[in-house]
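Here's the structure, in structure tokens; my notes come after.
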Amino acid sequence: MSVVTRPAGLADVPGVVAFWAVAGENDDRPVDSEAAVGRLVERDPDALLLALDDDVLVGTVVAGWDGWRAHLYRLAVLPQRRGEGIAGMLLDAAEDRLVGLGAGRLDAMVLDGNELGQAVWRARGFTRQQRWGRWVKPVVG
Ligand SMILES: CC(C)(COP(=O)(O)OP(=O)(O)OC[C@H]1O[C@@H](n2cnc3c(N)ncnc32)[C@H](O)[C@@H]1OP(=O)(O)O)[C@@H](O)C(=O)NCCC(=O)NCCS
């Protein structure tokens, strides 16, 4: 496999947003915008990790670090490239970054019905917290 990982730059943002529309877990979440993803890349240029095969985008993950907690978002692999270990490669890169920054724990949000997503996190050593739920409040951003 000739897949490599690297952080996204601003020029990658439109392609990433288009990629998520076909490859991401898109239920029950706000629609992504190029402006929002661009803000992420500007604020933390190493957070959005891409997997590329010959410059073709085949996977993504956001390895977010706020100085205190580490969160993984937007793990997605091109449908026709799944099962090749690309998510594993992205999660290796994400984990390296976050551990290097001092993270003591990684977390990820997974939809209840997303069996495949849950299988990946489980395979990577994540366990579901039973006693915590997420509380959200939409605000104008
Ligand atoms: C979930 C997703 C990112 C997995 O990507 P992938 O590149 O196919 O995953 P990998 O090939 O790296 O597999 C990693 C591990 O996950 C598990 N796994 C992967 N595909 C699986 C499948 N079809 N069934 C069961 N387990 C599976 C395996 O344990 C695998 O490790 P192994 O091959 O060493 O056994 C991909 O299916 C995807 O983009 N899904 C849509 C978006 C999504 O749901 N993302 C997760 C949000 S929480």
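All values below were derived from every heavy atom in this structure, side-chain atoms included, with hydrogens, water molecules and symmetry-related copies excluded. All figures in this text were calculated on a predicted structure; none of them were measured in a lab. Note that ligands are numbered from 1 as they come in the structure, with each ligand's atoms numbered from 1 the same way. Sequence positions, counted from 1, serve as the residue numbers for this chain.
- The cationic group of Arg74 lies under 6.0 Å from the six-membered ring centre of Trp20 and within 45° of the ring axis, placing it in a cation-pi geometry.
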Distances only, to 0.1 Å: what are the N or O pairs between ligand 1 and the protein that fall under 3.5 Å?
unit_1, atom_1, unit_2, atom_2, d
ligand 1, 7 (O), Ala87, N, 3.0
ligand 1, 8 (O), Gly83, N, 2.7
ligand 1, 11 (O), Glu84, N, 3.4
ligand 1, 11 (O), Gly85, N, 2.8
ligand 1, 12 (O), Ala87, N, 3.2
ligand 1, 12 (O), Gly88, N, 2.9
ligand 1, 39 (O), Val77, N, 2.8
ligand 1, 39 (O), Val77, O, 3.4
ligand 1, 39 (O), Arg82, NE, 3.4
ligand 1, 39 (O), Arg82, NH2, 3.3
ligand 1, 44 (O), Asn114, ND2, 2.7
ligand 1, 45 (N), Leu75, O, 2.8

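- For CG of Asp54, the number of neighbouring non-hydrogen atoms (other residues, nucleotides, ligands) closer than 6.0 Å is 12 at most.
- In this structure, Arg82 contributes its side chain and Val77 its backbone to a donor-acceptor pair below 3.5 Å.
- Evaluation of the ring pair (Phe, Tyr, Trp, His ring centres under 6.0 Å) test over residues 108-129, restricted to residues two or more places apart or in two chains, returns Trp121-Phe126.
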For a quick test of your reading: what N or O donor-acceptor pairs under 3.5 Å do the side chains of residues 127-135 make, sequence neighbours left out?
unit_1, atom_1, unit_2, atom_2, d
Arg128, NH1, Asp112, OD1, 3.3
Arg128, NH2, Asp112, OD1, 3.1

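- Asp96 meets the salt bridge (Lys or Arg N to Asp or Glu O under 4.0 Å) test with no other residue; sequence neighbours excluded.
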